[in-house]
Protein chains: 2
Amino acid sequence: MLVSQAIPNLGSVQVYPGFLLSLQGSFLPFSFPPVSSVTLKQLAQQLGLASSTVSRALRNGADISAETKRRVQAMAAELHYQPHAYASGLRNQLSHTIGVVVPEVNDRFFSLAIDGIEEVARQNGYHMLICLTHDSYDLEAQVTRQLTRGRVDGVLISLAGETQGPAHFEQLSSRGVPLVFFDRVSDALGTATVTTNDFDAAYQATEHLLSSGCRRVAYLLMSGKLSIGNQRQRGYEAALGAHGLSLDPDLLLESSGSNDENTAAIKTLLQRRPDIDGLFASTGRLALSAYQACQELGRVIPQDIKVIGFSNLEIASLLAPPLSTVTQPAYEIGREAARLLFSAIIEKKPLLATQSMELPAELIVRGSTMGSPVVSKTAPAQQLATP
Amino acid sequence: MLVSQAIPNLGSVQVYPGFLLSLQGSFLPFSFPPVSSVTLKQLAQQLGLASSTVSRALRNGADISAETKRRVQAMAAELHYQPHAYASGLRNQLSHTIGVVVPEVNDRFFSLAIDGIEEVARQNGYHMLICLTHDSYDLEAQVTRQLTRGRVDGVLISLAGETQGPAHFEQLSSRGVPLVFFDRVSDALGTATVTTNDFDAAYQATEHLLSSGCRRVAYLLMSGKLSIGNQRQRGYEAALGAHGLSLDPDLLLESSGSNDENTAAIKTLLQRRPDIDGLFASTGRLALSAYQACQELGRVIPQDIKVIGFSNLEIASLLAPPLSTVTQPAYEIGREAARLLFSAIIEKKPLLATQSMELPAELIVRGSTMGSPVVSKTAPAQQLATP
DNA sequence: TTGAAAGCGTTACCAG
DNA sequence: CTGGTAACGCTTTCAA
């Protein structure tokens, strides 16, 4: 149902005079070509000083008289002087920018991690160039190549799902651009990584399902190419083994399409194997697809089937039923990865694999894994809204 | 419950040889100080040509023999030559970067908008510098000042909640940096904006609550300083008027604290005014706080009280009950704002207020506003999980 | 078709 | 304490 224009639209698109604008007592015309902003040289001319002197005065350098400093800074403020970022960057070989390469930003884990990164970047006076790979190897390689040569002083990366090899990162790293992998890491490059205890966390999650009575636990994963996925899968397998269960390859569902495709794949799996009584999703996206699939098939959570998944969804508790999660400290992961990166940028020392960190995930038990399993495959569809 | 280290950690922190790395047939040492990446001049020397020639050959300029072009490009590829972004940027007065200034990234609306912006930026060969204001006027002003002078060729902005005046943007705009506001716009600057039909959408949402039987509809808003908030509030008021109801200022809740603070404020409101039978949240965050508050007070949605809110939450349908929403086309808003910006960047023409766009929001009715209201204030707490 | 030189805006170095 | 000069890496005249 699209909101129509039935109600009078009270002119949200307005026309402004747009000639002169008076704000804070200054009158600046809206003109093109640009009112070329003032340069250091112009500022110096205006003051009757050499640009080198002005430069030092502005950065409070030594060997400048207090009086000159005062004059220079006053004039700079008056003319709204701002140093040209690229010029000083070129001169100093410093961009004051870090690159952040992530599969996507519309995902709680990544957006929280970016928040953590931003905190540290801001503390250090740095900007973030954010590059999205959309889980494509080609885009990742392309983006990474563009990050060479002066655009950034360091890079934080979480690998694309279909990453085949970190060759493009090697180029960065070999040129002295420090690199920190976080969450979706590569084990082929000798640099620092920040990860979660994926193996342990997956083990605990699976163990939780098994000890809640599940016998047939399926594992939903995004892509088998990443070491992170493998760690989680290994934790899953180890927990099965500890309960005397052997791995059933038929219970492994690898899907990395759209949400709808994932939901469809899960439905197919659940129909082919009606004995499945537990789902462990290795990503939050898959956990929600699992919910959707169960809802559409009329499988009641947690009575018919229990669900747990890695997720950073704040509102897991408002879902029907509340979703049990393995929650990664996404903000802290971003923050620590950034701290490692800045330690390398500032000290101009390379990052070592030995500086890698592992932060613990938290297992939060909620409604979706509660109660003992009742094998009643004919439960009615979940009806939560009151029609 | 923190996952412990009870299970043997299978060495997720590893030590790599780290001396030489052989990939794709090239051997590059991991060394610091950096293997200074190859410059145009070095490339030219290597080829026995002048750097100007090489420059033209690389950019396929005219007046270069096919043979020279071939040689140059072959050598460039072999040495992994990449032009220095800041050097060419300085020379051409182009950064090939746009600034994106948003309150936060961990929010569906903004992360979707960023996806839309990124699509257009990538098509144009541009990067995104993302700056977070955390809804702080000071941060916004600071960040904006840093965006002047060559760092970006244009800026997309959604204002901070506590924005007091767009003086800092005027500086950008007056220097010829094109500017597009999206969603949270300012009406004080004569540039293009991309918004939703906030008035209409809010009218429809309120109207929906009223025609579903609600008599006391409270309005939850983040901040009264933004024109966007006012538009929504005006839509709310207009709908009340159309139903012969007058505005009760006691039913306006302005809160912009943490989620917990918002929840607490809503609880207080609901306790003070038990006659409230409808909640209209002007942001997704407030809608979720409303859910939380109702859950904690044992008010059953939609029987005791109906809830609707602006939201881009994909999983609104998985909430208990599914949340009725007014959903903005966030991706499209970002995309259109970026398109406007690039039209200005490419044609080097200023943006006019007359180019502003308004995209329609969609009203999606789900469980939280269904059924006729039953005034039963003593309903038990919502219990959805089976313990 | 190619080369030399100037310059984008800044900062570092060395004289004075 | 201040000023000139060179240089960061590239592109763009203008000359050869």
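For clarity, every value in this text was computed on a predicted model and none was experimentally measured. Order of the sequence lines sets the chain letters (A, B, ...), proteins ahead of strands, with each chain counted from 1.
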What about Arg91(A), does its side chain sit under 3.5 Å from the base of dA7(D) through a donor-acceptor pair? yes

Remember a base hit wins even if backbone is also touched, and classify [X] as base, sugar-phosphate or nothing at under 4.0 Å, heavy atoms.
{"X": "Arg59(A)", "result": "sugar-phosphate"}
{"X": "Ser52(A)", "result": "base"}
{"X": "Arg149(A)", "result": "sugar-phosphate"}
{"X": "Asn92(B)", "result": "sugar-phosphate"}
{"X": "Ser65(A)", "result": "sugar-phosphate"}

Measure the acute angle between the ring planes of Tyr86(B) and Tyr86(A), then classify it against the limits of 30° and 60° as parallel, tilted or perpendicular. parallel

Could you tell me whether a side-chain N or O of Gln171(B) sits under 3.5 Å from a main-chain N or O of His168(B), the two making a donor and an acceptor? no

Can you tell me if Arg335(B) uses its side chain to pair, donor with acceptor, with the backbone of Gly116(B) under 3.5 Å? no

Expressed as a whole number of angstroms, how long is the span from [X]:[atom1] to [N]:[atom2]?
{"X": "Glu67(B)", "N": "dT1(C)", "atom1": "CD", "atom2": "C1'", "result": "13 Å"}
{"X": "Lys69(B)", "N": "dT2(C)", "atom1": "NZ", "atom2": "P", "result": "10 Å"}
{"X": "Arg151(A)", "N": "dG9(D)", "atom1": "CZ", "atom2": "P", "result": "16 Å"}

Rounded to 10°, the angle between the first-five-pair and last-five-pair axes of the helix from dT1(C)-dA16(D) to dG16(C)-dC1(D) is 50°

Under 3.5 Å, side-chain donor or acceptor atoms of residues 49-64 of chain B against the rest of the protein: list the pairs with distances, not counting sequence neighbours.
residue	atom	partner	partner atom	Å
Arg56(B)	NE	Ser52(B)	O	3.3
Asn60(B)	OD1	Lys69(B)	NZ	3.2

State whether [X] places a side-chain N or O below 4.0 Å from either non-bridging phosphate oxygen (OP1 or OP2) of [N].
{"X": "Ser55(A)", "N": "dA12(C)", "result": "no"}
{"X": "Gln93(B)", "N": "dG9(C)", "result": "yes"}
{"X": "Thr39(A)", "N": "dC8(C)", "result": "no"}
{"X": "Tyr81(A)", "N": "dG9(C)", "result": "no"}

Would you mind telling me which residue lines up with the more 5' stretch of DNA chain C, Leu90(B) or Asp63(B), judged by nearest nucleotide? Asp63(B)

Toward the 5' end of DNA chain D, which comes first, Tyr86(B) or Arg56(B), by nearest nucleotide? Tyr86(B)

